[in-house]
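Notes follow the structure.
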There are 2 protein chains.
Amino acid sequence: MATPDTRTQILDAAERLFAEHGYRGTSVRAITTLAGANLAAVGYHFGSKAELMAAVARRVVEPLNAAQCARLDEALARTPDPLVSDLVEAFVGPLFDEMRAGEEGGARTSRLIVMILSDPAEEVRGWTGPREDAVGERYLAAFARALPGLSPEELRFRMRGILAVTAVDRLGTHQRPVPGCTPPVGGEAARQWAITFLTAAMSAPPTRT
Amino acid sequence: MATPDTRTQILDAAERLFAEHGYRGTSVRAITTLAGANLAAVGYHFGSKAELMAAVARRVVEPLNAAQCARLDEALARTPDPLVSDLVEAFVGPLFDEMRAGEEGGARTSRLIVMILSDPAEEVRGWTGPREDAVGERYLAAFARALPGLSPEELRFRMRGILAVTAVDRLGTHQRPVPGCTPPVGGEAARQWAITFLTAAMSAPPTRT
DNA sequence: GATTTATTCATACGTTCGTTTCATTCAAGC
DNA sequence: GCTTGAATGAAACGAACGTATGAATAAATC
């Protein structure tokens with residue numbers, strides 16, 4: 001196993017510490033110490049702590065979005081009007097795939113995503129490109145076809161619900177451990193539960209006004 | 001309008017700033033400046049920044065839990081086996097009530113709750129008492145009666161989903177504004193959407209294993 | 001082997017942080 | 001009027017932070 005270069009080791013350490021302690025709760029010193037690198041290495045390889053955060057976020061989110069896009073393409077190749085359950089599975093599937101990989105790196109990855117979505121520090125959300133929006137819009141259009149009669153506003157509300165459930169699902173490590181229940185839910189069971197839960201939620205008839 | 005005492009003004013300022021910038025992103029100096037108080041007032045009235053955070057969290061969460069408890073009591077007084085939709089409404093209702101009150105203080109309150117649930121700083125979650133767990137357990141038991149055949153693990157998964165959807169719903173301010181859609185969804189509409197969404201999700205048949 | 005280029009290193013700078021100290025103010029209680 | 005206690009004020013403390021600097025080192029090019 002070849003030792004990865006300093007830049008990669010810093011990215012790995014930063015990904016882990018950002019996920020565990022948040023952006024502001026992680027110091028550059030802690031990152032470089034964990035990475036076995038010098039303090040100045042962050043400035044040299046990334047420019048600043050904020051740009052390091054952006055690099056970490058990109059490395060995590062980009063393959064995820066690509067997978068979501070690919071699965072949507074597959075579903076649309078099968079039929080122009082996929083079922084709601086197929087769309088849900090295509091959307092949340094990659095998030096759970098990422099979780100299985102690495103046994104512990106998965107939960108870390110999803111905690112990092114939650115952190116990216118919820119951290120109030122503007123440095124955390126200032127990294128994104130137009131790609132991420134495009135994926136969401138594609139799914140929005142697909143769901144709109146599968147759920148006629150749903151107003152655009154309510155559809156958008158429901159899609160935010162998908163993100164909330166899949167993200168917060170794995171937030172558990174932050175939470176207090178639930179007594180008498182295994183908190184680190186098995187990956188495959190949670191995936192199926194999420195699909196059941198979200199398919200039923202998305203398929204609900206429009207709220208009468 | 002009588003001027004509130006320093007302690008209350010500090011609580012108000014801290015609640016607002018913690019909600020906007022998180023625990024670590026808010027300095028004691030910023031709080032006391034906004035409150036029009038002296039820097040040392042936090043140490044005098046609360047002991048430390050962490051204990052101030054605890055006081056803020058208590059002041060926000062306790063009436064919310066009390067309202068959730070009261071609504072569950074009402075539902076159980078009507079019938080020993082309430083509908084899933086009634087349980088959902090009793091659980092998420094108080095969160096949306098809090099939102100309407102104050103027009104702008106409501107969104108702030110829910111952002112603070114998201115912050116409490118997702119902030120990695122242990123000072124933020126070290127305040128809680130046994131009360132909050134008790135409310136969750138009561139709802140868990142009520143949902144278990146209304147949804148026979150659902151395994152305890154999947155039920156717990158779904159209840160976490162409720163919390164995720166209601167909380168993240170109002171996270172929008174952190175997010176990038178969605179072009180072509182009004183991001184600050186009207187309070188009453190969102191409440192009904194959430195009930196529709198979550199009732200359907202909770203009522204889904206158990207995932208076959 | 002000398003020169004150049006890319007990293008790594010130790011160290012320091014200036015700022016901001018939470019907290020503490022101690023003097024001061026001010027309203028009651030006697 | 002004097003004392004007591006709570007509350008506020010101005011100032012400082014040490015620690016930790018992100019960043020910048022310039023020397024040292026390793027690797028590649030000629």
Pairwise side-chain hydrogen bond (donor to acceptor under 3.5 Å, both in side chains) hits with a residue in residues 56-68 of chain B, at least two apart: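 Sorted result for residues 56-68 of chain B: B:D12-B:R59, B:E15-B:R59.
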Sugar-phosphate, base or nothing in reach of B:T26, heavy atoms under 4.0 Å: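 B:T26: backbone/sugar contact only, no base atoms under 4.0 Å.
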B:R158 (side chain) donor-acceptor with B:M202 (main chain) under 3.5 angstrom: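 Here the side-chain-to-backbone pair exists.
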Main-chain N/O of A:V42 paired with A:K49 side-chain donor or acceptor, under 3.5 Å: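 Flag not set: sc A:K49 to bb A:V42 has no pair under 3.5 Å.
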Contacts of [X] that satisfy side-chain hydrogen bond (donor to acceptor under 3.5 Å, both in side chains) - sequence neighbours left out:
X: A:S203; answer: none
X: A:R7; answer: none
X: B:S85; answer: none

Start and end of the DNA chain D segment that chain A contacts, any atom under 4.0 Å from a heavy atom: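 That gives a stretch of D:dC17 to D:dT21.
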Bend angle of the helix from C:dG1-D:dC30 to C:dC30-D:dG1, from helix axes over five pairs at each end, nearest 10°: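 For the helix from C:dG1-D:dC30 to C:dC30-D:dG1, the axes at either end differ by 10°.
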Extract all donor-acceptor atom pairs below 3.5 Å that involve side chains of residues 25-34 of chain B and protein atoms in other chains or at least two apart in sequence.
residue	atom	partner	partner atom	Å
B:T26	OG1	B:L17	O	3.0
B:T26	OG1	B:G22	O	2.7
B:S27	OG	B:A30	N	3.0
B:T32	OG1	B:V28	O	3.1
B:T32	OG1	B:R29	O	3.1
B:T33	OG1	B:R29	O	2.7

Test salt bridge (Lys or Arg N to Asp or Glu O under 4.0 Å) applied to A:E153 and A:R156, step by step: CA-CA 5 Å; A:E153 290 81 9; A:R156 226 165 198 121; over 6 Å; no
Minimum heavy-atom distance B:L198-B:V92, with the two atoms named: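 That would be CD1-CG1, 3.9 Å.
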Minimum-distance pair of heavy atoms, taken over all atoms of A:A201 and B:A200: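 Where A:A201 meets B:A200 most closely, the heavy atoms are CA-CB, 4.1 Å.
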By salt bridge (charged side-chain N to carboxylate O under 4.0 Å, His left out) - contacts of A:E89 (at least two apart):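 A:E89: no salt bridge (charged side-chain N to carboxylate O under 4.0 Å, His left out) contacts found.
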Residue whose nearest DNA chain D nucleotide is more 5′ - B:R7 or B:R29: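 By nearest-heavy-atom nucleotide position, the 5'-most residue is B:R7.
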Exercise answer: donor-acceptor pairs, residues 70-78 of chain B side-chain atoms, under 3.5 Å, sequence neighbours excluded:
residue	atom	partner	partner atom	Å
B:R71	NH2	B:D97	OD2	2.3
B:D73	OD1	B:R138	NH1	3.2
B:D73	OD1	B:R138	NH2	2.8

Any residue meeting ring pair (Phe, Tyr, Trp, His ring centres under 6.0 Å) with A:Y139, in chain and number order, not counting sequence neighbours: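 Partners of A:Y139 under the ring pair (Phe, Tyr, Trp, His ring centres under 6.0 Å) test: A:F91.
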Selection: residues 39-54 of chain A, any non-hydrogen atom under 4.0 Å of DNA chain C: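 Those residues are A:L39, A:A40, A:Y44, A:H45.
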Interface limits on DNA chain C, where chain A has a heavy atom under 4.0 Å of a nucleotide atom: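 Both ends considered, the range comes out as C:dA6 to C:dA12.
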